[in-house]
2 protein chains.
Amino acid sequence: MSRICKDGFDKECIKEQREFFGIAYTQNLLSGRWKYVILWFLKSKERRYSEIKAFLGDISQGSLTKQLRELETDGVINRKVYPEVPPRVEYSLTSKGEELIPIIDLMEEFGKKFGEQVD
Amino acid sequence: MSRICKDGFDKECIKEQREFFGIAYTQNLLSGRWKYVILWFLKSKERRYSEIKAFLGDISQGSLTKQLRELETDGVINRKVYPEVPPRVEYSLTSKGEELIPIIDLMEEFGKKFGEQVD
DNA sequence: CGGTATCCTCGACGATACTG
DNA sequence: CAGTATCGTCGAGGATACCG
């Protein structure tokens with residue numbers, strides 16, 4: 001089940017040694033409606049599932065869980081479950097995930113600079 | 001016709017003054033299967049439509065034209081038409097587009113570092 | 001050569017209901 | 001609280017045909 005995303009590249013494509021291999025890999029990691037924002041929200045500290053959901057606002061539970069699972073599978077976030085009742089789950093960046101933060105910070109900076117003229 | 005992309009945010013969403021406004025704006029600009037790679041390909045020099053198509057390989061004409069038009073509308077690339085027969089069209093980065101290059105370079109770097117273990 | 005127009009597929013995402 | 005399961009929508013992007 002290669003991850004073929006509309007806005008991503010499937011693994012076969014990535015394996016073909018294209019010049020833009022690296023870009024395709026990273027784009028694939030980050031393809032998803034909410035992933036940039038989730039990572040950005042995690043950059044300052046670890047967060048609970050419910051915090052993330054509240055911050056994003058519009059996301060459905062199913063989607064949030066899916067995006068978090070993908071980020072976890074790709075090794076950019078950690079998922080820590082506290083065996084309590086009610087359950088508590090904390091998400092945090094891995095060291096690999098931290099290396100994505102400069103990219104996201106640049107994107108925020110760019111958006112702040114050019115995004116004003118959204119009418 | 002607000003640009004609602006699966007992996008983007010519609011303009012209404014962007015206008016709501018969220019903390020992640022900037023990220024959403026930039027993500028929206030870059031949402032599309034080929035946009036990162038197109039910009040990366042344009043970073044060294046201007047390119048003809050056919051060069052871009054050949055470089056990308058798999059893209060259909062319709063999709064390529066659509067992505068180029070969106071990038072042009074968003075002000076990140078220039079489109080210069082030479083009134084010759086056969087026609088020639090050159091695409092190049094605008095100054096706004098150049099500011100996206102550091103982001104894309106970081107993405108390539110990240111992918112080169114972590115992308116090896118695609119089995 | 002560099003498009004446009006039309007049709008179609010298919011997967012991301014949301015909505016809803018239910019659970020340990 | 002933090003999920004899982006199921007269903008339905010909708011739009012990005014490919015395929016194909018045609019054009020100035």
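In what follows, chains are A, B, ... by sequence order, proteins preceding strands, each numbered from 1.
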Subject >> Atom-pair distance (CD1 on B:Ile59; P on D:dA12), nearest Å >> reply: 14 Å
Original post:
Below 4.0 angstrom from OP1 or OP2 of D:dC10, is there any side-chain N or O of A:Arg33?
Top reply: no
Original post:
Is it true that B:Lys66 and B:Glu70 have a side-chain N and a carboxylate O under 4.0 angstrom from each other?
Top reply: yes
**OP:** Would you kindly give the CD-to-C1' distance between B:Glu72 and C:dG3, to the nearest whole Å?
**Re:** 13 Å
Original post:
Are OP1 or OP2 of C:dG2 and a side-chain N or O of B:Ser50 less than 4.0 angstrom apart?
Top reply: yes
**OP:** In whole angstrom, give the distance that lies between atom OH of A:Tyr82 and atom C1' of C:dG20.
**Re:** 20 Å
**OP:** Provide, to the nearest angstrom, the distance between the CD1 atom belonging to B:Ile52 and the C1' atom belonging to C:dG3.
**Re:** 13 Å
**OP:** Find the distance A:Leu56:CG to C:dG14:P and express it as a whole number of Å.
**Re:** 10 Å
Original post:
End-to-end bend of the helix from C:dC1-D:dG20 to C:dG20-D:dC1 (five-pair axes, 10° rounding)?
Top reply: 50°
**OP:** Kindly determine whether A:Thr26 and B:Phe114 satisfy side chain to side chain contact (heavy atoms under 4.5 Å, CB included), including the steps that lead there.
**Re:** CA-CA 9 Å; A:Thr26 310; B:Phe114 291 103; over 6 Å; no
Original post:
Nearest to the side chain of B:Arg69 - D:dA2, C:dG3, C:dC13?
Top reply: C:dG3
Original post:
Got a salt bridge between A:Lys43 and A:Asp105, using NZ or NE/NH1/NH2 to carboxylate O under 4.0 Å?
Top reply: yes
**OP:** Using a strict cut-off of less than 4.0 Å between a Lys/Arg side-chain nitrogen and an Asp/Glu carboxylate oxygen, indicate whether A:Glu90 and A:Arg88 qualify as a salt bridge.
**Re:** yes
**OP:** Could you pick out which residue, A:Ser60 or B:Arg88, lies toward the 5' side of DNA chain C when each is mapped onto its nearest nucleotide?
**Re:** B:Arg88
Original post:
Once you round it to whole Å, what is the distance between P of D:dA17 and CD of B:Gln61?
Top reply: 13 Å
Subject >> Which nucleotide in C:dG3, D:dA2, D:dG13 has an atom nearest any side-chain atom of B:Gln67 >> reply: D:dG13
Subject >> B:Pro86 side-chain proximity, nearest of C:dT4, D:dA12, C:dC1 >> reply: C:dC1
**OP:** Among the candidates D:dG14, D:dA12, C:dG2, find the nucleotide nearest to the side-chain atoms of B:Arg79.
**Re:** C:dG2
**OP:** Verify salt bridge (Lys or Arg N to Asp or Glu O under 4.0 Å) between A:Lys112 and A:Glu108, making sure each step is shown before the conclusion.
**Re:** CA-CA 6 Å; A:Lys112 284 244 167 70; A:Glu108 197 202 355; 2.7 Å; yes
**OP:** For A:Leu68 and D:dT4, give me the distance from atom CG to atom P, rounded to whole Å.
**Re:** 10 Å
Subject >> Presence of B:Lys53 side-chain N/O under 4.0 Å of C:dG2 phosphate oxygens OP1/OP2 >> reply: no
Original post:
Between B:Phe41 and A:Phe20, does the ring centre distance come in under 6.0 Å?
Top reply: no
**OP:** Could you check whether the rings of B:Tyr91 and B:Tyr49 sit parallel, tilted or perpendicular, using 30° and 60° as the cut-offs?
**Re:** tilted
Original post:
Choosing from D:dG14, C:dC13, D:dA2, which nucleotide comes nearest the side chain of A:Trp34?
Top reply: C:dC13
Subject >> Selected nucleotide, minimal atom distance to A:Tyr91 side chain, candidates C:dG2, D:dA2, D:dG3 >> reply: D:dG3
Original post:
Side-chain N or O of B:Arg48 less than 4.0 angstrom from OP1 or OP2 on C:dC1?
Top reply: no
**OP:** Figure out the CD/P separation between B:Glu84 and C:dG2, and round it to whole Å.
**Re:** 10 Å
Original post:
Picking from C:dG14, D:dT4, C:dG2, which would you name as closest to the side chain of B:Val89?
Top reply: C:dG2
Original post:
Does the distance from a Lys or Arg side-chain N to an Asp or Glu carboxylate O, for A:Lys53 and A:Glu51, drop under 4.0 Å?
Top reply: no
